[in-house]
Amino acid sequence: MDDIIKQVEKKTGVKGNDIQNLAKSLSNSDLQDEKSIRKLVRKLGKLANKKVSKQTEDMIVNTLVNGKNKVDASTISKMLKK
């Protein structure tokens, strides 16, 4: 597990402790609740030192709340590249 965290740290610049705290908060998050999702998206943007546009935030929220398909890291990654 430490190797994975180190790889993510190296690639993103996000500290390992922040990654672990984020993972813990995800397990307690309701990914069907719009406010929870928006809070999470903003937190991720802040951790990664990236500005997430309102349009991208809306797209992520709509996909998670209304989406009938499974959403995974790949799906979100594709949305962020748009």
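Hydrogens, waters and symmetry mates are skipped; everything else that's a heavy atom, side chains included, is used. The model shown is predicted, which means the values in this text are computed figures rather than measured ones.
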Requested in this report: Pick out which of Arg42, Lys39, Lys35 makes a salt bridge (Lys or Arg N to Asp or Glu O under 4.0 Å) with Glu57.
Outcome: Arg42

Requested in this report: Determine the minimum heavy-atom distance between Lys15 and Glu9, stating which atoms define it.
Outcome: C-OE2, 3.5 Å

Query raised in the report: What's the spacing between Leu44 CG and Lys46 NZ if we round to 0.5 Å?
Result: 12.5 Å

Query raised in the report: Which is it for Ile37 and Glu34 under the side-chain contact (heavy atoms from CB on, under 4.5 Å) test, yes or no, and what are the steps along the way?
Result: CA-CA 5 Å; Ile37 296 168; Glu34 180 178 340; 5.7 Å; no

Query raised in the report: In this structure, which one of Asn62, Val61, Thr63 forms a side-chain contact (heavy atoms from CB on, under 4.5 Å) with Val65?
Result: Val61

Query - Carboxylate-amine/guanidinium proximity below 4.0 Å for Arg38 and Asp33 - result: no

